[in-house]
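Shown next, in structure tokens, is the structure this report addresses.
We name chains A, B, ... by the order of the sequence lines, and we start the count at 1 in each one. A quick note: this is a predicted structure, and the numbers were derived from the prediction, not measured.
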There are 2 protein chains.
Amino acid sequence: MNNPLDPEEFRRQGHMIVDFLADYYHNISNYRVLSQVEPGYLKKKLPSQAPFDPEPIETILQDIEEHIIPGITHWQSPNFFAFFPSSGSIAGFMGEMLSTGFNVIGFNWLSSPAATELESTVMDWLGQELNLPKEFLFTGHGGGVMLGTTCEGVLATLVAARDRMLRQIGKDKIRKLVVYGSDQTHCAIQKAANIAGFDPNNFRAVKTSRSSSFALLPQSLLKAVEKDLRDGLVPCYLCVTVGTTSTMAIDPVGVLCRVAKDYGMWIHVDAAYAGSACICTEFRYMINGVEYADSFSFNAHKWFLTNLDCCCLWVKDPNSLIKSLSTNPSYLHNNTSNSKQVVDYKDWQITLSRRFRALKVWLVLRSYGLSNLRNFLRSHVEMAKIFEELVKLDKRFEIVVPRNLAMVCFRVIPSVAKMANDEVNQINRKLLDSINDSGRVYMSHAVVEEIFVIRCAVGATLTDEKHVMMAWKVVQEHADAILNWYLLNYSFNQPFIS
Amino acid sequence: MNNPLDPEEFRRQGHMIVDFLADYYHNISNYRVLSQVEPGYLKKKLPSQAPFDPEPIETILQDIEEHIIPGITHWQSPNFFAFFPSSGSIAGFMGEMLSTGFNVIGFNWLSSPAATELESTVMDWLGQELNLPKEFLFTGHGGGVMLGTTCEGVLATLVAARDRMLRQIGKDKIRKLVVYGSDQTHCAIQKAANIAGFDPNNFRAVKTSRSSSFALLPQSLLKAVEKDLRDGLVPCYLCVTVGTTSTMAIDPVGVLCRVAKDYGMWIHVDAAYAGSACICTEFRYMINGVEYADSFSFNAHKWFLTNLDCCCLWVKDPNSLIKSLSTNPSYLHNNTSNSKQVVDYKDWQITLSRRFRALKVWLVLRSYGLSNLRNFLRSHVEMAKIFEELVKLDKRFEIVVPRNLAMVCFRVIPSVAKMANDEVNQINRKLLDSINDSGRVYMSHAVVEEIFVIRCAVGATLTDEKHVMMAWKVVQEHADAILNWYLLNYSFNQPFIS
């Protein structure tokens with residue numbers, strides 16, 4: 001065979017795939033957003049064994065068209081409003097192509113100096129634009145690192161926090177350490193704490209409520225901390241969330257930090273989605289108080305035009321990460337690392353091998369410039385406002401919590417009769433299933449205080465105003481149908497739930 | 001601005017980047033393999049702030065040519081023989097492009113059914129070709145998952161092993177658990193154990209020796225286990241390495257499993273590099289005994305033509321992973337997951353979000369077919385044999401351990417005088433630096449039993465016989481120069497080390 005990296009064959013196939021994807025984006029609105037395949041659909045279409053003989057790229061692309069695309073949920077569709085967006089862009093894609101093409105493994109500085117140095121530079125750039133305090137930047141003796149996901153960032157900081165505390169209280173007390181978040185904190189935090197060997201019973205999901213928009217209140221945190229202290233436990237780590245997954249709740253960073261600091265806790269600010277918006281002055285207030293935290297992270301792959309994956313994590317004290325995560329095998333010894341003049345990112349993260357992620361974020365920043373990036377984020381917020389106004393105009397609907405940024409949380413409430421909350425939930429669940437099964441838009445849900453909420457998160461790159469208007473029209477049409485059915489079938493003696 | 005995913009602009013830039021990379025591969029032999037930049041080189045070339053206005057891709061590509069490429073260590077160069085290869089290919093690249101273009105986040109089945117189903121299918125295909133026992137395949141109630149790196153795979157299995165044991169002996173005994181490997185086991189294992197909350201003192205790097213080619217011997221393991229038991233500790237996890245990083249040592253899987261099984265340990269077989277070769281019948285013996293293990297992994301990004309990153313991990317009991325790693329937040333509830341008919345890979349791994357890695361491995365398997373993949377791996381082994389023969393023909397050199405697969409471990413031994421080992425090491429260190437500074441080839445080193453070893457790992461995709469011959473010529477030329485200098489300057493009274 002030809003060499004598997006033959007430049008001319010690379011060129012030929014590369015052009016084919018570029019055209020394939022350009023056509024995919026061109027036609028993406030025609031696909032049903034949420035895949036409608038049945039479990040096991042693909043197994044039936046593929047051979048039961050790997051092929052012995054090579055097959056041409058043309059055949060493979062045809063199979064992708066016929067068998068893979070129908071099984072894809074189209075996260076890049078302009079009609080995708082579920083979860084948080086997976087924010088692809090031309091610059092993000094091109095950066096990833098370059099990174100994949102160079103295919104360097106940048107575990108330490110020497111293994112590819114440009115990978116490390118570009119990452120440090122871009123992290124300082126981003127930190128400046130987020131107006132992070134200087135202590136988080138390399139120029140202020142802190143620093144930033146690009147990881148795959150928030151899960152990795154949280155795990156790395158949890159391990160650093162754990163070891164910092166154990167150095168003080170003795171290493172056998174690991175099961176005494178407590179991690180705090182709210183009942184709205186992302187499930188990744190508790191999972192990371194379990195992975196790091198914290199006692200699964202020592203994760204505090206402090207209760208929040210709708211009356212305070214599901215934000216973690218300092219008095220609730222304090223109460224939980226004091227109870228743990230009375231029980232002989234040791235507060236270790238607080239995760240403050242700016243923009244929760246369920247309802248985009250914003251924990252008050254400053255006051256929570258003040259509580260946690262008193263107990264020597266490590267404070268992490270998780271702004272996975274909302275962090276991007278902090279490059280706009282009008283949204284920066286959300287992370288006020290971050291100067292008291294130990295670490296801060298956001299996902300560039302959520303709402304910063306950067307293709308999956310890229311979590312940006314800053315810490316004030318890189319040494320606390322390095323103390324817990326460094327390795328120094330003889331086969332990686334080199335003079336530059338010994339000189340301590342360089343960053344070896346392997347010691348800032350869970351894994352050894354690492355992708356050259358800085359390229360794509362660098363391309364995003366340069367291709368769009370801060371001016372366009374800000375406009376782009378603002379346009380999503382404006383579109384969400386439009387959606388929110390449309391919901392408010394229809395009296396059958398309720399906005400469940402005040403909108404933050406580009407996510408609207410709403411539900412339908414049939415007004416004809418007093419109805420148990422379970423029944424309202426059931427109607428909303430049916431409504432959401434019906435909307436999503438149509439394939440025309442995809443939204444997702446959350447359950448807060450036993451309320452089933454429909455989430456409309458604006459943020460797919462291709463989305464513009466007409467898609468948002470259409471999405472609302474789809475919601476209304478399906479609500480009409482369901483509420484009509486309900487009016488015909490509902491009786492006070494027979495509950496609606498089937 | 002245009003939409004950041006405008007299909008026609010995507011097409012235009014995509015074609016540019018494809019040509020840029022095709023040209024890069026075309027010219028790659030002209031670059032110095034190991035980057036020669038100084039620490040901090042890039043900072044001087046980049047602005048201190050992110051740009052406010054957008055910049056054209058043409059400008060950015062020019063900067064990549066001028067500022068980034070000189071700072072890259074060229075892992076795709078045919079003259080790269082360091083560490084383990086970073087095995088890129090056209091198929092691997094195209095698969096990654098498609099994955100980046102679809103940009104789906106496949107945390108559970110519903111979020112993109114094709115991502116999960118293709119992964120399960122391809123993992124079963126691979127498992128069959130590696131001749132893994134059926135219990136590791138989905139068709140045998142086990143299963144496989146594609147992670148980023150071995151570090152993640154080891155961490156996931158360590159956590160599962162830890163929790164399995166703690167369910168038996170009580171959750172407060174976490175600091176009693178012991179993890180076993182050898183002094184040649186990859187540093188990732190000890191790091192993962194620390195992350196997972198094992199006592200850092202409870203990692204056993206069991207001693208190996210040159211006389212047994214640095215393989216972990218069952219009697220040494222048994223001795224370590226028995227001592228720990230006497231000390232009231234609890235054996236929990238054994239990492240068996242097939243192909244160590246330093247010298248490609250192959251731990252005897254079967255006999256080690258038999259020792260570990262008696263104590264109820266979780267046994268992981270780490271074949272990060274060597275696993276790929278097990279699709280060839282003549283190399284499959286290396287993992288004989290894997291049927292007694294709990295988990296097995298190899299990195300497709302090392303020697304399977306798959307661009308970074310892709311670690312393939314199989315487990316016999318997926319439930320043990322799921323018990324430790326599952327999350328079930330309300331916002332991810334869905335009927336398909338509830339039905340238990342599908343795999344939700346988020347519960348098999350450390351992170352929630354996950355890339356669609358199966359596409360690239362699928363493209364590799366189909367584009368090359370097993371026949372060519374086997375030929376390709378064999379050709380690397382043959383090239384390493386040639387290199388080994390060349391080393392043996394030059395009496396100034398020594399093969400430090402018998403070659404396994406495509407890696408040769410050698411050193412120069414000046415024959416003119418009895419020389420302290422430190423001095424021999426120093427000469428070899430100088431030789432390696434001199435070779436690498438030339439930019440013509442890049443090799444790396446290891447230190448075993450205080451011997452400084454030069455490692456020549458054949459495996460870069462573009463490497464062919466002429467590159468291997470040239471590499472040996474470079475080694476000889478630099479050895480000539482260094483040994484001549486040494487002859488001129490060495491005196492019995494003055495040690496060589498300066």
Close side-chain approach of B/Thr351 and A/Glu152, heavy atoms under 4.5 Å | yes

Under the 3.5 angstrom rule, does the side chain of B/Ser111 hit a backbone N or O of A/Thr73 as a donor-acceptor pair?
-> no

Side chain, backbone, both or neither: which part of A/Glu38 has a non-hydrogen atom closer than 4.5 Å to chain B?
-> backbone

With a 4.5 angstrom heavy-atom cut-off, which part of B/Ser48 approaches chain A: side chain, backbone, both or neither?
-> backbone

Heavy-atom contact with chain B under 4.5 Å, split by part of A/Leu126 | neither

At their closest point, which heavy atom of B/Met97 faces which heavy atom of A/Phe93, and how far apart are they?
-> O-CE1, 3.3 Å

Where does A/Thr461 contact chain B at under 4.5 Å (heavy atoms): side chain, backbone, both or neither?
-> both

Counting heavy-atom pairs under 4.5 Å to chain B, which of A/Leu98, A/Leu42, A/Ile195, A/Thr121 comes out on top?
-> A/Ile195

A/Lys191 side chain vs B/Leu325 backbone, donor-acceptor pair below 3.5 Å = yes

Scanning both residues in full, the closest heavy-atom pair of B/Leu363 with A/Ile60 reads CD1-CG2, 3.7 Å

Region of A/Asp163 in contact with chain B, defined by heavy-atom distances below 4.5 Å = neither

Using modelled atom types only, decide if a donor and an acceptor are shared between the side chain of A/Asn194 and the backbone of B/Ser324 within a distance under 3.5 Å.
-> no

Between A/Val37 and B/Glu117, is any pair of side-chain heavy atoms under 4.5 Å apart?
-> no

Test side-chain contact (heavy atoms from CB on, under 4.5 Å) applied to B/Ser112 and A/Ile68, A/Ile72, A/Leu34, the passing residue | A/Ile72

Mind listing the side-chain donor-acceptor pairs of residues 14-24 of chain A below 3.5 Å, one per line with the distance, residues two or more places apart or on another chain?
residue: A/His15; atom: ND1; partner: B/His15; partner atom: ND1; Å: 2.6
residue: A/His15; atom: NE2; partner: B/Asp19; partner atom: OD1; Å: 3.0
residue: A/Asp19; atom: OD1; partner: B/Arg11; partner atom: NH1; Å: 3.1
residue: A/Asp19; atom: OD1; partner: B/His15; partner atom: NE2; Å: 2.9
residue: A/Asp23; atom: OD1; partner: B/Arg11; partner atom: NH1; Å: 3.3
residue: A/Asp23; atom: OD1; partner: B/Arg11; partner atom: NH2; Å: 2.9
residue: A/Tyr24; atom: OH; partner: A/His74; partner atom: ND1; Å: 2.6

Donor-acceptor contact present, side-chain A/Trp125 to main-chain B/Pro51, <3.5 Å = no

Can you see which heavy atom on A/Ala114 is nearest to which on B/Tyr41, and at what distance?
-> CB-OH, 3.3 Å

Heavy-atom pairs under 4.5 Å with chain B, option from A/Pro329, A/Ser367, A/Gly88 with the top count | A/Ser367

Turns out that what part of A/Glu129 lies under 4.5 Å from chain B's heavy atoms comes down to side chain

Quick one: pull up CG in B/Leu5 and CD1 in A/Ile28 and give me the separation to the nearest 0.5 Å.
-> 8.0 Å

Does any heavy atom of chain A fall under 4.5 Å from the side chain of B/Phe83, the backbone, both, or neither of them?
-> side chain

From the list B/Asp124, B/Val342, B/Ile64, the residue making the most non-hydrogen contacts under 4.5 Å with chain A is B/Ile64

Smallest separation among heavy atoms of B/Tyr331 and A/Ser246, with atom names = CD2-OG, 3.5 Å

So do B/Thr327 and A/Gln190 actually touch side chain to side chain, heavy atoms under 4.5 Å?
-> no

Counting heavy-atom pairs under 4.5 Å with chain A, the top scorer among B/Glu96, B/His26, B/Gln49 is B/Gln49

How about A/Asn307 and B/Thr100: does a side-chain donor come under 3.5 Å of a side-chain acceptor?
-> no

Could you look at A/Ile174 and say if it's the side chain, the backbone, both or neither that has a heavy atom under 4.5 Å from chain B?
-> side chain

So with a 6.0 Å cut-off around CG of A/Asn201, is the heavy-atom count from everything else above 12?
-> yes

Flag the one option from B/Thr149, B/Leu46, B/Leu308 with the top tally of heavy-atom pairs under 4.5 Å to chain A.
-> B/Leu308

Please determine, among A/Gln76, A/Arg366, A/Arg455, A/Glu8, the option with the most heavy-atom pairs under 4.5 Å with chain B.
-> A/Arg366

Region of A/Ser99 in contact with chain B, defined by heavy-atom distances below 4.5 Å = neither

By a 4.5 Å heavy-atom criterion (distance strictly below it), what part of A/Phe356 contacts chain B: side chain, backbone, both, or neither?
-> side chain

Best-contacting candidate, A/Leu352, A/Leu373, A/Asp309, against chain B by heavy atom pairs under 4.5 angstrom | A/Asp309

Interchain contact, A/Arg175 with chain B, by part (heavy-atom threshold 4.5 Å) = side chain

For chain A, which of B/Pro47, B/Ser35, B/Ala115, B/Gly92 has the most heavy-atom pairs under 4.5 Å?
-> B/Pro47

Okay, B/Ser120 and chain A: the region with an atom under 4.5 Å from a heavy atom over there is neither

Close side-chain approach of B/Asn3 and A/Asp464, heavy atoms under 4.5 Å | no

B/Leu305, B/Asn328, B/Leu365, B/Thr245: which one forms the most heavy-atom pairs within less than 4.5 Å of chain A?
-> B/Thr245

Return the option, out of A/Gly197, A/Ser353, A/Gly71, with the maximum number of heavy-atom pairs under 4.5 Å with chain B.
-> A/Gly71

In terms of heavy-atom proximity below 4.5 Å to chain B, should A/Arg162 be classed as side chain, backbone, both, or neither?
-> side chain

Checking heavy atoms, do the side chain of A/Ser444, its backbone, both or neither come under 4.5 Å from chain B?
-> neither

With chain A, the option among B/Gln128, B/His67, B/Met94 that has the most non-hydrogen atom pairs under 4.5 Å is B/Met94

Heavy-atom contact with chain B under 4.5 Å, split by part of A/Leu110 | both

Given that the side chain runs from C-beta out, which part of A/Phe84 has a heavy atom under 4.5 Å from chain B: side chain, backbone, both or neither?
-> neither

Is chain A contacted by the side chain of B/Val159, its backbone, both, or neither, given a heavy-atom distance below 4.5 Å?
-> side chain

Is it the backbone or the side chain of A/Glu9 that comes under 4.5 Å from a heavy atom of chain B, or both, or neither?
-> both

Results of side-chain contact (heavy atoms from CB on, under 4.5 Å) for B/Ala188 - residues two or more places apart only | B/Cys151, B/His186

Select, from A/Ala50, A/Ala192, A/Ser89, A/Ser330, the one with the greatest count of heavy-atom pairs under 4.5 Å involving chain B.
-> A/Ala50

Determine whether B/Asp53 and A/Ser371 make a side-chain contact, defined as any pair of heavy atoms from C-beta on separated by less than 4.5 Å.
-> yes

Minimum side-chain heavy-atom gap A/Trp75-B/Val104 below 4.5 Å | yes

Between A/His333 and B/His445, is any pair of side-chain heavy atoms under 4.5 Å apart?
-> yes

Heavy atoms from other residues, nucleotides or ligands near NZ of A/Lys171 exceed 12 (cutoff 6.0 Å) | yes

